[in-house]
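Following: one structure in structure tokens, then a few remarks.
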Amino acid sequence: MGRGKIEIKKIENATNRQVTYSKRRNGLFKKAQELTVLCDAKVSLIMFSSTGKFHEFLSPNISTKGFFDLYQKTTGIDLWNSHYERMEENYRRLKEINKKLRREIRQRMGGDLSELNIKELQALEAKMDSSLLAIRERKYHVIKTQTDKHKKKVRNLEERHANLIMDLAKLDGQDGIVETGGYYESTMGLLPNGASNLYALRLYQNQQPPLVLHDGTNDLRLA
């Protein structure tokens, strides 16, 4: 039994439509390749599916640019003329904007002022005043940010210093630590006959007060 004819109309089912598209696309590409090999033809096929996917076949004996150049030469149609005109118009517009911006920069630097009338000079002055105000606000913001940052560093250092002093105060009299960070040998070795009746030992930075040791009835004073 032969295959029945398929009615040529849009396939409503999306899955069936995509399957049919893929099969027939491959069939067209196969036929195009056969034409290229058998007949030395230059074939170009461009396809876009309903989902926007792009597919292309181009004979290996010609490039895409060469194919469109051949098309323009054969048909006498310039494909790039309208695009070139749009590019020219955009170029002229950008060139005019660049010229205007350069003139404004020179005027803000004090040049090309002879061509301006009183209203244009007043408008330029207002623009410069506004720009100066924005620059000053930005400068003050930067200075304030840097100042706050340094103040925070100073506060952190002060807190660390205070914590160190508190730690040293707790250790004072236990291990013989003084503010200069030095260590003293145990005073037990300095007493005669290994005396252990030590009541007080105070050490101060940059001064050495008398050291009084009480051992029974005798006082030992070290200047």
Side-chain angles (χ1 to χ4, degrees), residues 1-109 111-113 115-116 119-120 123-124 126-142 144-146 148-149:
M1 296 178 61
R3 294 178 57 188
K5 291 185 178 180
I6 299 177
E7 184 180 1
I8 303 301
K9 68 176 183 179
K10 181 180 177 181
I11 302 174
E12 298 300 333
N13 185 277
T15 302
N16 295 340
R17 184 167 61 243
Q18 184 63 33
V19 171
T20 302
Y21 173 81
S22 300
K23 289 182 178 180
R24 299 208 173 201
R25 179 197 65 207
N26 295 335
L28 285 175
F29 284 173
K30 183 179 180 180
K31 292 295 183 183
Q33 185 179 12
E34 291 175 355
L35 281 174
T36 300
V37 176
L38 295 174
C39 306
D40 193 25
K42 297 176 177 62
V43 182
S44 176
L45 292 176
I46 298 175
M47 297 184 185
F48 288 93
S49 68
S50 58
T51 59
K53 292 184 178 180
F54 170 73
H55 301 91
E56 178 186 24
F57 173 85
L58 182 66
S59 299
N61 55 0
I62 190 172
S63 64
T64 302
K65 182 180 182 303
F67 191 89
F68 283 106
D69 290 343
L70 182 61
Y71 174 82
Q72 292 183 110
K73 181 180 179 181
T74 304
T75 60
I77 299 175
D78 189 354
L79 298 174
W80 317 115
N81 186 41
S82 59
H83 182 65
Y84 176 77
E85 290 178 354
R86 288 195 299 269
M87 291 180 62
E88 281 288 326
E89 179 63 26
N90 188 44
Y91 172 73
R92 287 192 294 268
R93 183 177 60 84
L94 293 176
K95 187 176 180 180
E96 185 63 26
I97 293 175
N98 181 62
K99 182 179 178 180
K100 182 179 179 181
L101 291 175
R102 286 179 177 271
R103 184 172 62 251
E104 289 183 357
I105 292 174
R106 290 194 300 268
Q107 290 173 352
R108 294 195 179 194
M109 295 180 65
D112 292 351
L113 299 178
E115 300 178 356
L116 302 180
K119 291 185 178 180
E120 292 174 337
L124 179 62
K127 290 181 181 179
M128 294 184 67
D129 289 340
S130 177
S131 300
L132 182 60
L133 179 61
I135 292 172
R136 285 176 176 172
E137 290 180 353
R138 178 58 183 171
K139 183 183 69 174
Y140 293 149
H141 175 72
V142 172
K144 184 178 182 302
T145 302
Q146 293 179 349
D148 294 341
K149 183 178 180 180

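Computed from heavy atoms alone, side chains included, the values below leave out hydrogens, waters and symmetry copies. Note that the numbering runs from 1 along the sequence shown for the chain.
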Spatial distance of atom [atom1] ([X]) from atom [atom2] ([Y]) [nearest 0.5 Å]:
{"X": "I11", "Y": "T20", "atom1": "CD1", "atom2": "OG1", "value": "3.5 Å"}
{"X": "L133", "Y": "R138", "atom1": "CG", "atom2": "CZ", "value": "14.5 Å"}
{"X": "L45", "Y": "Q33", "atom1": "CG", "atom2": "CD", "value": "11.5 Å"}
{"X": "F67", "Y": "K42", "atom1": "CZ", "atom2": "NZ", "value": "9.5 Å"}
{"X": "E34", "Y": "T36", "atom1": "CD", "atom2": "OG1", "value": "10.0 Å"}
{"X": "E137", "Y": "I135", "atom1": "CD", "atom2": "CD1", "value": "11.0 Å"}

Under 3.5 Å: donor-acceptor pair, side chain of [X], backbone of [Y]:
{"X": "N90", "Y": "R86", "answer": "no"}
{"X": "S130", "Y": "A126", "answer": "no"}
{"X": "S59", "Y": "I62", "answer": "no"}

Indicate the atoms forming the closest heavy-atom contact of [X] with [Y], along with that distance.
{"X": "R17", "Y": "K10", "answer": "NH1-CE, 3.9 Å"}
{"X": "H55", "Y": "F29", "answer": "CB-CZ, 4.1 Å"}
{"X": "W80", "Y": "Q72", "answer": "NE1-NE2, 3.2 Å"}
{"X": "S63", "Y": "L58", "answer": "C-CD2, 3.6 Å"}
{"X": "M47", "Y": "L28", "answer": "CE-CD1, 3.3 Å"}

Note: K144-D148 ion pair, threshold 4.0 Å (strictly below):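 A salt bridge is present here (some side-chain N lies under 4.0 Å from a carboxylate O).
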For T51 and Y21, what are the C-alpha separation, side-chain angles and deciding distance, and is it a side chain to side chain contact (heavy atoms under 4.5 Å, CB included)? CA-CA 11 Å; T51 59; Y21 173 81; over 6 Å; no
Within 6.0 Å of CE in M87, more than 12 heavy atoms from elsewhere: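 Atom CE in M87 is not packed in, count stays at 12 or less.
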With a cut-off of 6.0 Å (strictly less than), are more than 12 heavy atoms of other residues, nucleotides or ligands near CD of E104?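 For E104, atom CD is crowded (more than 12 foreign heavy atoms under 6.0 Å).
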Test side chain to side chain contact (heavy atoms under 4.5 Å, CB included) applied to T145 and K149, step by step: CA-CA 6 Å; T145 302; K149 183 178 180 180; 5.7 Å; no
My understanding is that only one of R102, E96, K95 makes a side chain to side chain contact (heavy atoms under 4.5 Å, CB included) with N98; could you say which?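 Only one option passes, and that is R102.
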Considering only heavy atoms from C-beta outward, does the side chain of D78 approach that of Y84 to under 4.5 Å? no
Evaluate side chain to side chain contact (heavy atoms under 4.5 Å, CB included) for L124 paired with M128, printing each intermediate quantity in order. CA-CA 6 Å; L124 179 62; M128 294 184 67; 4.3 Å; yes
Check the angle between the aromatic planes of F48 and F54 and answer parallel, tilted or perpendicular using the 30° and 60° thresholds. tilted
Salt bridge (charged side-chain N to carboxylate O under 4.0 Å, His left out) partners for E89, two or more places apart: R92
